[in-house]
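We use all heavy atoms of the structure for the numbers below, so side chains are in, but hydrogens, waters and symmetry mates are not.
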Amino acid sequence: MKNWLLASIVPVLLLGCASADFSIRTLPPETHQPEPAPLQDADVVPEPDRAPVTPADAPPLTVADPWLRINRSTYRFNAKFDEAISFPIANTYRRLPSPVRSGTRHFLSNLSEVNSALNYAAQLRFGPSLRSAGRFVINSTLGVAGLFDVAARMNLQQSPTGFSTTLATWGVPQGPYLVLPLLGPSTLRDGVGLIGDFGTLYTINVPALYRGTESWALNGLTALDRRANTDFRYYATGSPFEYENVRFLYVNRGLIEDERSDRMH
Amino acid sequence: MGSCSRFALLVATSVLLLGRPASAQNLGDGSGAGLPSSAALRATVYGPAPTDLAPLPASVPLEEINVRMPWARPVPSVLWFDRRLRAWLSAQPGPAPLVIVISGIGSGGNSAKQSILRGALYGAGYHVLTLPSPTAPGFIVSSSSTGVAGDLTQDGEDLYAAIRHILPLLPARVQITTVDLVGYSLGGANAAMVKALDTTAGRDLIRRVVMINPPVSLLASIRRLDQLFVASIGPRDADIENLYRRLYARLANAYYESGAVQLDEGFLLRAAGDILRTDADLAAAIALDFRLSLIDLFFVGDLYAKTGVVVDPQHLQDVENSLDGIYAILRTRSYSEYFARVLAPYYLQHRPGSNLEQLAAANDLAVIGEQLRTDSDYYAQTSVDDLILNDAERAWLQNTLGSRLAVYSHGGHLGNIGERRQISDLLAMLAGRWPDHTP
């Protein structure tokens with residue numbers, strides 16, 4: 001793994017940093033097969049007596065952004081870093097055979113089930129908590145250390161949660177919009193949530209990969225897997241207002257999700 | 001990359017919420033009153049029925065190209081990310097004809113429509129190169145010689161220069177026999193202009209051109225779009241805010257009622273009918289999509305032309321500065337305003353002796369009418385209910401192109417792209433065997 005990473009990083013750095021007048025790079029082939037969209041349904045039926053959202057409930061069209069100056073600078077840094085480092089590595093990774101990538105993806109998401117189970121419990125949602133725990137047990141054993149999502153075929157669908165949602169459940173608001181270095185758009189609460197999730201995994205350390213040298217490989221692989229599965233490219237349309245558009249979508253989607261998990265209690 | 005995956009879904013959210021599938025420009029019927037027909041709006045937003053889609057290859061190779069143009073001007077720091085022109089190439093293994101696909105107003109070089117056309121053309125044995133519209137910020141900053149996009153001739157010259165610069169830089173393994181152009185919407189007019197310039201220059205680099213739903217008079221089409229915006233949304237910022245609030249509430253409620261696990265693209269596709277309910281909603285989505293393109297074009301044009309409508313030429317923006325105020329102002333600005341306050345002042349100043357009427361007349365396919373009439377290598381496709389044309393303009397296309405025009409009975413603006421019939425006609429036109437082909 002290490003050799004492979006190194007082998008891909010070196011040319012990437014050379015390519016990424018060169019200010020060539022002409023460059024060409026191979027992307028994964030474009031596929032036109034309609035992907036079978038899994039029709040997943042939530043386990044909890046929303047309370048029927050809750051009043052519907054009205055137009056007056058919508059947040060303002062221009063999102064409040066008290067940390068705008070630093071956020072905009074970080075956004076630019078992230079875009080440049082992604083262009084030079086993350087995207088080229090992920091692009092190379094995405095050309096590996098699909099079973100390798102899906103195995104990696106399942107392996108990593110299986111590890112996060114432990115965190116989901118604990119957070120669901122902290123949200124007092126014991127059904128989903130048991131489901132996450134069950135998924136972890138089934139996929140770690142029958143699914144060969146999580147490489148295959150056997151549990152999904154047993155109708156135990158993945159539905160991850162994390163510390164930020166737990167905080168939301170206990171009434172903590174999103175807080176200001178925050179662009180995290182390397183990690184991208186977030187809010188204060190989502191940022192704290194990420195630290196909480198990481199801390200949980202580090203503390204319980206199941207399996208024993210979250211401490212010591214192995215943790216670097218694991219975290220690197222996690223980052224790579226996330227980036228490779230994210231169909232986003234900074235400034236793909238070249239719009240001067242991309243920062244504003246991304247912020248609008250991130251914050252509003254977060255508010256809609258918060259309200260939904262609130263309605264599920 | 002923590003939050004990035006969410007982020008992709010968010011982008012998808014906007015795509016659907018704002019009717020992105022329909023790409024940028026769609027317009028009213030020109031008479032001012034009322035909206036275009038329900039069928040035209042529906043086709044424009046949703047495209048062909050899934051059962052009518054032409055089959056596309058399961059997998060199409062794709063390469064990304066970044067080019068710095070030798071004539072590029074200094075790039076303002078607020079546009080640092082658009083220094084290079086980005087294009088996408090799908091190359092055949094052996095010698096093959098090349099089709100260059102130009103997108104519609106404000107769109108980049110890898111739009112959803114281009115992806116469909118790329119698949120169909122690659123499947124038919126062409127190399128395919130997709131380019132942004134000359135009105136897309138990525139093109140304006142990297143490749144425009146003025147920074148003020150939207151003038152048919154100037155955009156044609158810039159696009160032609162960009163094509164001539166890129167083709168010799170392609171790797172030797174890409175063996176090109178001939179070069180054809182396909183453009184949709186404004187890109188259709190751009191493509192025709194490029195061929196006309198090519199013919200005039202005596203280079204004969206470009207063989208055939210197919211225009212998909214082109215405008216005829218740019219200003220007339222744009223005026224219809226402005227009218228569509230006012231008719232479906234309203235002229236004031238408060239109207240835009242109201243539309244946003246209405247759509248937000250519908251989206252949230254549809255999501256809470258659905259029991260869907262995630263607010264993702266799959267959910268949005270299923271919920272689209274609940275969110276965009278009436279003809280006015282569909283029209284608003286179309287008009288808003290166009291407006292988002294215009295906001296980019298307006299900002300970049302005003303910055304380069306130093307016309308000072310929203311960008312103070314004395315105090316240029318820096319990366320850390322908020323663009324919220326400018327964004328809010330530009331939401332309410334129409335294309336007609338862009339023409340009157342940025343494009344016209346700039347070009348009148350740079351073309352001594354010209355006047356507004358000449359400028360308007362120059363932004364019409366009629367300026368290359370003679371070539372369109374006499375050169376049998378120009379083709380076009382349109383529909384009887386294309387929102388950007390009126391009957392007189394459709395008749396002009398018919399009279400000018402004669403049998404080289406395909407007119408569909410449905411599809412609105414760009415709503416036929418990817419349909420079996422549209423694709424087979426496109427391939428026949430590119431092969432020079434339209435209209436006498438047997439499907």
Side-chain angles (χ1 to χ4, degrees), chain A residues 21-27 29-33 37 40-42 45-46 52-58 61-62 68-69 72-73 76 79 86 157 159 180 183-186 190 194 223 226-227 229-232 234-241 244-246 249-250 252-253 256-257 259-260 263, chain B residues 1-11 13-14 56-68 78-79 81-82 108 110 115 118-119 136-138 141 169 171 241-242 244-246 248-249 251-253 255-257 259-261 263 266 295-296 299-300 319-320 322-324 327-328:
Chain A
D21 287 344
F22 180 87
S23 67
I24 184 162
R25 79 168 140 226
T26 307
L27 302 175
E30 188 168 46
T31 54
H32 287 287
Q33 277 160 337
Q40 301 185 347
D41 284 320
V45 179
V53 176
T54 66
D57 299 329
L61 193 46
T62 301
L68 179 130
R69 288 184 70 85
R72 285 190 69 101
S73 298
R76 176 176 60 169
S86 317
Q157 301 295 340
S159 179
L180 296 170
L183 300 174
S186 187
D190 284 349
L194 280 179
R226 291 257 175 93
R227 184 61 188 101
N229 288 305
T230 302
D231 192 13
F232 177 81
Y234 280 97
Y235 292 109
T237 67
S239 171
F241 299 98
E244 287 72 18
N245 291 336
V246 166
L249 292 167
Y250 186 89
N252 280 359
R253 185 175 187 271
I256 290 177
E257 293 284 14
E259 169 83 14
R260 177 172 176 275
R263 279 165 186 253
Chain B
M1 302 299 119
S3 322
C4 279
S5 54
R6 280 202 191 180
F7 185 8
L9 300 176
L10 293 171
V11 174
T13 310
S14 76
L56 298 175
S59 170
V60 178
L62 194 58
E63 290 170 279
E64 181 189 288
I65 295 169
N66 286 277
V67 197
R68 193 196 289 258
V78 69
L79 298 172
F81 40 82
D82 283 332
N110 196 17
S115 161
R118 174 194 296 136
V141 177
L169 295 175
E241 177 111 19
N242 286 339
Y244 149 71
R245 289 180 172 279
R246 212 165 63 230
Y248 178 95
L251 173 68
N253 288 321
Y255 181 49
Y256 302 148
E257 284 158 20
V261 164
L263 184 49
I295 287 172
D296 293 345
F299 176 77
V300 176
V319 175
E320 293 84 17
S322 171
L323 292 179
D324 289 331
Y327 201 6

Between S73(A), P29(A), A79(A), which residue shows the highest count of heavy-atom pairs closer than 4.5 Å to chain B?
P29(A)
At their closest point, which heavy atom of [X] faces which heavy atom of [Y], and how far apart are they?
{"X": "E244(A)", "Y": "L323(B)", "value": "OE2-CB, 3.4 Å"}
{"X": "V60(B)", "Y": "H32(A)", "value": "CG2-CD2, 4.0 Å"}
{"X": "F22(A)", "Y": "V67(B)", "value": "CD1-CG2, 4.0 Å"}
{"X": "E63(B)", "Y": "I24(A)", "value": "OE2-CD1, 3.7 Å"}

Region of T26(A) that comes under 4.5 Å of a non-hydrogen atom in chain B:
both
Would you mind checking which part of S239(A) comes under 4.5 Å of any heavy atom in chain B, side chain (CB onward), backbone (N, CA, C, O), both or neither?
both
Would a distance-only check, ignoring hydrogens and angles, find a side-chain to backbone donor-acceptor pair under 3.5 Å from [X] to [Y]?
{"X": "R253(A)", "Y": "L263(B)", "result": "yes"}
{"X": "Y235(A)", "Y": "G138(B)", "result": "no"}
{"X": "N66(B)", "Y": "S23(A)", "result": "no"}

Count the heavy-atom pairs under 4.5 Å between each of [options] and chain A, then report the option with the highest count.
{"options": "A136(B), A249(B), G108(B), A252(B)", "answer": "A249(B)"}
{"options": "S322(B), P61(B), A328(B)", "answer": "S322(B)"}
{"options": "L169(B), D82(B), N110(B)", "answer": "L169(B)"}

Tell me whether the centres of the aromatic rings in F241(A) and F299(B) are closer together than 6.0 Å.
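Centroid separation for F241(A) and F299(B): below 6.0 Å.
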Salt bridge present between R25(A) and E64(B) (N-O < 4.0 angstrom):
yes
Side-chain contact test, heavy atoms from C-beta onward, threshold under 4.5 Å: evaluate it for [X] versus [Y] and give yes or no.
{"X": "P57(B)", "Y": "E30(A)", "result": "no"}
{"X": "P240(A)", "Y": "V78(B)", "result": "no"}
{"X": "R76(A)", "Y": "F81(B)", "result": "no"}
{"X": "D57(A)", "Y": "Y248(B)", "result": "no"}

Checking heavy atoms, do the side chain of V141(B), its backbone, both or neither come under 4.5 Å from chain A?
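Neither part, no heavy atoms under 4.5 Å.
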Give, as side chain, backbone, both or neither, the part of L79(B) having an atom under 4.5 angstrom from any heavy atom of chain A.
side chain
Given N245(A) and Y327(B), is the side-chain contact (heavy atoms from CB on, under 4.5 Å) satisfied, shown in steps?
CA-CA 10 Å; N245(A) 291 336; Y327(B) 201 6; 2.5 Å; yes
